[in-house]
Amino acid sequence: MSQDEDKSIDFIREAINDDLKSGRYTKVHTRFPPEPNGYLHIGHAKALTISFGIAEEYGGQCNLRFDDTNPAKENIEFVNSIKEDIHWLGFDWEDREFFASSYFDKLYSWAIRLIEKGKAYVDDQSQEDVKENRGTLTESGKESPYRNRSVEENIDLLNRMKNGEFPDGSRVLRAKIDMASPNMNLRDPVMYRIIHEPPHHRTGNKWCIYPMYDWAHGQNDSMEGITHSLCDLAYENHRPLYEWFLDELGEYKPRQIEFARLNLSFTVLSKRKLLRLVKEGFVKGWDDPRMPTLCGLRRRGYTPEAIKDFIKRVGVAKNFSIIDVALLESAIRDDLNLHSLRRMAVLKPLKVIIDNYPEQQVEELDAENNPGDPEAGTRKIPFSRVIYIDQEDFRETPPPKYYRLFPGNEVRLRYAYYIKCTDIVKDNNGEVIEVHCTYDPDSYGGKSKDGRKVKATIHWLSETQARSAEFRLYDRLFLEENPEDGEDGFLSCINPDSLTILNGYVEPSLSVAKAGEKFQFERVGFFSVDPDSTAELPVFNRTVSLRDTWSKIEKQQQNQ
RNA sequence: UGGGAUAUGGUGCAACGGCAGCACACCAGACUUUGAAUCUGUGGAUCUUGGUUCGAAUCCAGGUAUCCCAGCCA
């Protein structure tokens, strides 16, 4: 067990501590139970980190169990992607990979047991009638006319349902509880429904009946000896049913504890909405770097460490909450700042000619790979007469407090020399296309001999050695802080500029960077190499920009 | 009077009858060969009304707001 550095622990760990102390349970065994009907996203990362993390902390175990009780929605590809994503985050279930479908036989025998106890019955009502007779939130329901069939008839009917004698929707098995219960989940909930097609991805056509969530989840938890079944607040209303089944069966009963799911500002997390983003082409796929899916975040350049750190910062509670995406960005910046190598890249090139620098000369200058980490070493970067700088680092007429290059001003080229702007060349449209400078030979390496200071240091690339590269700059997908509001609202607040593609240059060494490698482009942001990269054209995804104080200052100036 | 849950700075999370604290965000400054990072500092919160108590974010009662529940989805 971890003795938390900070003594405060969340309510789940508190409950587990109580259970261990009281002897209600003698170990901790959790489970992560995804339905294989979609990709894992950042919200799942929270659930997963809680269940796997708590098991780890208490020296217990966490099972991976696929909740595959509905063949209409599930398939093996999702099973595989889910496993990949969990492993990527750094969690492992060892040999405890389970499927709800593996328990179908045993579950069936438990259903028979309930029927024999008179606690379950086959209902022949149509779907409409079942709905009609369930009542409303304020009115109690009506009992089914089939509610009091004999045990023998119920068993016979269920058996024939299982054998495929009846069409989809014609009958269901229901628990006999209380049609007047104020908790809708207790108004004779459906246990089995008939589904002939499609075949189940694991059991094929063996089964024609499939258990509902409520008639599978708790039972599977029990069968696996789970002690703490941690889930979403949405299942709070299901807990009485979870316990009713196990009590009636007389089986071992885990404790279900619910916590608030993760919501993120400027993000949608509901499966339906994510699906529409993909299907309707607002993004390029489930792993589009703008998606909150784990595969999307991975491609964007997020690290497992940052995601886990983020989840830790979010905390665990029962309040409905919406986390500021800035917290996620802060977590990835912290991680990448510590670990990523620095490189120079020019996203929007502007040509600078250093008139007093010898025409054919090329110098190899030393540059640190990570100023914060001397162990990261240094590299050589070529310098010559013609270089590229970023357009944002030059202004013909500088606004107040602009320290970068402008006519008459001197700046430092990172790791190289001081240069002073002497002249500019414009094209027919009046756009500056060339900047002329002189350099101070006594400022080699960026240190002036006379000790004079310059306010700005800018990044650059030597024209001849620079390699072309594509930069994909991602911004938030939605303009509204809470795009989940409303059904279609999220589509109307899509950010038209969520992706900007720029063609610029990078240091020569980066042309061989491998997909997934991460760098900080100095003064620009953190980038990760995209799998779309080719030998001719490396592609860099911007994971997150650096904090940009200047743009804030400039914005303030414009607002005045 | 359907049932269940939750209310603490802008956003989250703590404080478990005894000085309301932490992170992110915001703001100011120091430092800086990244206007980054780092460091220092400022401001700002207990849903509401009553009650219990020497003392209430915490306990009690009422009110209000928000979330979940009427799938043969999970």
Side-chain angles (χ1 to χ4, degrees), chain A residues 6-10 14 33-35 37 67 69-70 72-73 123 126-127 130-132 134-141 168-174 181-187 189-195 209-210 212-214 216-217 231-240 258 260 265 271 310 312-331 333-334 337-338 342 344 367-368 371-372 401-404 412-416 418 443 445-447 453-459 481 520-525 545-554:
Chain A
D6 26 43
K7 59 182 189 284
S8 86
I9 57 169
D10 59 70
E14 218 162 75
E35 182 186 17
N37 71 341
D67 225 334
T69 55
N70 186 353
K73 297 185 164 188
D123 194 347
S126 68
Q127 206 164 148
V130 169
K131 183 183 168 77
E132 180 69 23
R134 183 156 10 241
T136 69
L137 294 176
T138 52
E139 300 163 284
S140 68
D168 287 10
S170 58
R171 286 182 167 82
V172 289
L173 182 72
R174 290 231 254 173
S181 172
N183 182 342
M184 299 299 284
N185 296 123
L186 263 20
R187 317 244 267 227
V190 172
M191 295 167 63
Y192 279 111
R193 70 302 206 173
I194 301 172
I195 302 175
I209 55 172
Y210 291 90
M212 297 288 287
Y213 165 85
D214 286 304
H217 203 97
C231 63
D232 191 316
L233 240 31
Y235 296 102
E236 221 159 18
N237 296 333
H238 293 248
R239 185 163 15 105
E258 311 86 7
S265 63
K271 211 165 267 180
F310 165 70
K312 192 175 166 189
R313 295 192 203 185
V314 164
V316 183
K318 298 187 76 160
N319 301 339
F320 173 87
S321 63
I322 301 174
I323 309 294
D324 191 342
V325 272
L327 190 64
L328 217 209
E329 292 172 353
S330 165
R333 280 198 189 101
D334 280 358
N337 179 51
L338 242 37
R342 312 291 123 127
M344 293 204 279
E368 291 174 291
K401 298 246 182 100
Y402 187 85
Y403 305 143
R404 281 110 96 147
R412 171 169 36 234
L413 292 176
R414 182 108 161 120
Y415 298 122
Y418 283 18
S443 61
K447 290 183 276 282
K453 305 265 188 217
V454 287
K455 281 239 174 180
T457 300
I458 64 175
H459 58 279
E481 188 162 344
Q520 184 200 91
F521 291 150
E522 292 205 55
R523 306 207 309 127
V524 180
S545 63
L546 255 30
R547 283 187 60 211
D548 187 355
T549 305
W550 165 243
S551 77
K552 274 183 203 162
I553 295 171
E554 197 177 28

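In what follows, every chain begins at residue 1, and chains take the letters A, B, ... in the order their sequences are listed.
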Side-chain N,O (A:Arg134) to OP1/OP2 (B:C72) below 4.0 Å: yes
Sugar-phosphate only, base, or nothing, as touched by A:Asn70 at under 4.0 Å among non-hydrogen atoms: sugar-phosphate
Presence of A:Thr549 side-chain N/O under 4.0 Å of B:A36 phosphate oxygens OP1/OP2: yes
Touch class at under 4.0 angstrom, heavy-atom based, for A:Val172 against every strand present: base
Donor-acceptor contact below 3.5 Å, side chain A:Asn183 vs main chain A:Asn237: yes
Sugar-phosphate, base or nothing in reach of A:Ser545, heavy atoms under 4.0 Å: nothing
Comparing A:Pro371 and A:Leu137 on RNA chain B - which has the more 5′ nearest nucleotide: A:Leu137
Sugar-phosphate, base or nothing in reach of A:Ile323, heavy atoms under 4.0 Å: sugar-phosphate
Backbone N/O of A:Arg187 and side chain of A:Ser181: donor-acceptor pair under 3.5 Å: no
Sugar-phosphate only, base, or nothing, as touched by A:Thr138 at under 4.0 Å among non-hydrogen atoms: base
Restricting both atoms to N or O, compile the protein contacts to nucleotides 20-30 of chain B shorter than 3.5 Å, with distance only.
unit_1 : atom_1 : unit_2   : atom_2 : d
B:C26  : OP1    : A:Lys552 : NZ     : 2.9

Touch class at under 4.0 angstrom, heavy-atom based, for A:Tyr192 against every strand present: nothing
Touch class at under 4.0 angstrom, heavy-atom based, for A:Val316 against every strand present: sugar-phosphate
Nearest-angstrom distance, P atom, B:A57 to B:C47: 10 Å
Salt bridge (Lys or Arg N to Asp or Glu O under 4.0 Å) partners of A:Arg333, counting only residues at least two apart: none
Centroid distance under 5.5 Å and plane angle under 30°, A:Tyr213 vs B:A74: no
Separation of atom CG in A:Asn185 from atom C1' in B:A5, rounded to whole Å: 14 Å
A:Arg239 side chain near B:C69 phosphate (N/O to OP1/OP2, under 4.0 Å): no
hbond_proxy A:Asn237 side chain to B:C68 base (donor-acceptor, 3.5 Å cutoff): yes
Sugar-phosphate only, base, or nothing, as touched by A:Phe310 at under 4.0 Å among non-hydrogen atoms: nothing
Among B:A70, B:A74, B:A5, the nucleotide that comes nearest once only the side chain of A:Glu35 is considered: B:A74
Atom-pair distance (CZ on A:Arg174; P on B:C72), nearest Å: 8 Å
Sugar-phosphate, base or nothing in reach of A:Ser181, heavy atoms under 4.0 Å: nothing
Phosphate-side-chain proximity, A:Asn319 and B:A7, N/O vs OP1/OP2 below 4.0 Å: yes
Secondary structure string for RNA chain B (Watson-Crick or G-U under 3.5 angstrom, | for other-strand pairs): .((((((..((((....[..))))..((((.......)))).....(((((..]....))))))))))).....
Sugar-phosphate, base or nothing in reach of A:His238, heavy atoms under 4.0 Å: base
Touch class at under 4.0 angstrom, heavy-atom based, for A:Thr136 against every strand present: base
Any A:Lys131 side-chain nitrogen or oxygen under 4.0 Å from OP1 or OP2 of B:C72: no
A:Arg193 side chain near B:C73 phosphate (N/O to OP1/OP2, under 4.0 Å): yes
